[in-house]
Amino acid sequence: MYRTMMKSKIHRARVTESNLNYVGSITIDEDIMDAVDILENEKVQIVNNNNGQRFETYVIKGPRGSNVFCLNGAAARLVHEGDVIIVISYAQVAEEKVRDHEPKVAIMNENNQIVQMLDKEPASTVL
């Protein structure tokens, strides 16, 4: 048996742009992608803390060091520049490896810089 487990999470990133006229996806700074082990074209879930929207899309590499989080295509209608979002990817993990699974969680500041990396989520609030 396999379980769907959180693999990667970018917590409290700020939307830097929304581009309705693009084919579709989310553009993320490649340095941030590397930090949480998200690959180009990987499916992700986006949670918008400002309006409660939850949706899925795929990732496109953004320029390294740009701190970009741009929602493209139809997803651009679900966010506004400055909105706080969470980006989550999941993995299918074999039952015998579930207890040892450690996701990568990046806690972001208001400038989309990683301020902390976690290997599990705390029971308390992280701002």
Side-chain angles (χ1 to χ4, degrees):
M1 179 169 68
Y2 289 86
R3 294 187 186 225
T4 303
M5 306 294 289
M6 180 179 68
K7 179 183 76 69
S8 309
K9 180 177 178 181
I10 304 169
H11 186 74
R12 297 189 61 81
R14 300 274 191 298
V15 174
T16 57
E17 181 183 354
S18 60
N19 184 347
L20 185 60
N21 296 314
Y22 190 81
V23 175
S25 63
I26 181 171
T27 304
I28 300 175
D29 178 323
E30 191 174 1
D31 287 337
I32 298 168
M33 291 171 56
D34 289 347
V36 294
D37 190 29
I38 292 177
L39 300 176
E40 187 167 42
N41 297 311
E42 186 169 343
K43 179 181 176 179
V44 292
Q45 179 182 39
I46 309 296
V47 180
N48 186 330
N49 283 8
N50 291 76
N51 63 23
Q53 290 285 342
R54 290 176 169 260
F55 54 95
E56 295 176 341
T57 190
Y58 61 94
V59 176
I60 292 177
K61 289 189 285 192
R64 290 187 181 277
S66 66
N67 298 335
V68 66
F69 282 83
C70 178
L71 276 299
N72 303 301
R77 294 197 182 274
L78 304 175
V79 300
H80 295 287
E81 188 175 322
D83 282 358
V84 175
I85 60 171
I86 301 168
V87 180
I88 310 164
S89 72
Y90 301 92
Q92 298 295 312
V93 179
E95 185 71 26
E96 61 272 10
K97 295 185 179 189
V98 166
R99 305 277 179 234
D100 297 323
H101 174 70
E102 293 183 356
K104 293 185 177 183
V105 179
I107 307 299
M108 310 302 285
N109 68 13
E110 60 279 351
N111 298 313
N112 286 340
Q113 298 164 323
I114 298 171
V115 294
Q116 186 177 9
M117 289 294 298
L118 308 173
D119 60 3
K120 64 180 179 179
E121 291 205 314
S124 60
T125 302
V126 176
L127 295 177

Taking all non-hydrogen atoms of both residues, which atom of [X] and which atom of [Y] are closest, and how far apart?
X	Y	value
I28	M33	O-SD, 3.4 Å
R12	R14	O-NH1, 3.4 Å
R64	D29	CA-OD1, 3.6 Å
S8	D37	OG-O, 3.6 Å
L71	I85	CD2-CD1, 4.2 Å
P63	V68	CD-CG1, 4.2 Å

Gap between atom [atom2] of [Y] and atom [atom1] of [X] - 0.5 Å precision:
X	Y	atom1	atom2	result
D31	Q113	CG	CD	11.5 Å
K9	L118	NZ	CG	9.0 Å
H11	M108	NE2	CE	11.0 Å
N19	E81	CG	CD	11.5 Å
E96	M1	CD	CE	10.0 Å

Backbone N/O of V15 and side chain of H80: donor-acceptor pair under 3.5 Å: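 Not a single qualifying donor-acceptor pair exists.
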
Apply the test side-chain contact (heavy atoms from CB on, under 4.5 Å) to residues N112 and T16: give CA-CA distance (whole Å), side-chain angles for both, the deciding distance (0.1 Å), then the verdict. CA-CA 9 Å; N112 286 340; T16 57; 3.5 Å; yes

Contacts of E42 that satisfy side-chain hydrogen bond (donor to acceptor under 3.5 Å, both in side chains) - sequence neighbours left out: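 E42 satisfies side-chain hydrogen bond (donor to acceptor under 3.5 Å, both in side chains) with K7, S89 once adjacent residues are dropped.
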
So which residues get pulled into V98's cluster when ILVMFWY side chains under 4.5 Å apart are joined, directly or through others?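 Cluster partners of V98: M5, V93.
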
Within 6.0 Å of OH in Y2, more than 12 heavy atoms from elsewhere: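 Counting other residues, nucleotides and ligands, OH of Y2 stays at 12 neighbours or fewer.
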
Looking at R77, I want to see if its CZ is surrounded by more than 12 non-hydrogen atoms of other residues, nucleotides or ligands under 6.0 Å.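 Atom CZ in R77 is not packed in, count stays at 12 or less.
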
Test item: side-chain donor near acceptor, T4 and Q92, under 3.5 Å: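 Checked: T4/Q92 side chains pair up, N/O donor to acceptor below 3.5 Å.
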
Are any non-hydrogen side-chain atoms of N49 and D83 less than 4.5 angstrom apart?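 With C-beta onward as the side chain, the pair stays apart.
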
Quick check: do I46 and F69 have side-chain heavy atoms less than 4.5 Å from each other?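 Answer no - side chains too far apart.
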
Would [X] end up clustered with [Y] when hydrophobic side chains under 4.5 Å apart are linked, directly or stepwise?
X	Y	result
I107	V84	no
M117	I10	yes
V115	V105	yes

Step-by-step side-chain contact (heavy atoms from CB on, under 4.5 Å) determination, I60 to E40: CA-CA 5 Å; I60 292 177; E40 187 167 42; 4.0 Å; yes

Considering the options I114, I32, N109, which one meets the side chain to side chain contact (heavy atoms under 4.5 Å, CB included) requirement together with N67?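 It is I32, the one option of I114, I32, N109 that forms the side chain to side chain contact (heavy atoms under 4.5 Å, CB included) with N67.
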
If the condition is salt bridge (charged side-chain N to carboxylate O under 4.0 Å, His left out), which residues does E56 pass it with, not counting sequence neighbours?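 Salt bridge (charged side-chain N to carboxylate O under 4.0 Å, His left out) check on E56 returns K43.
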
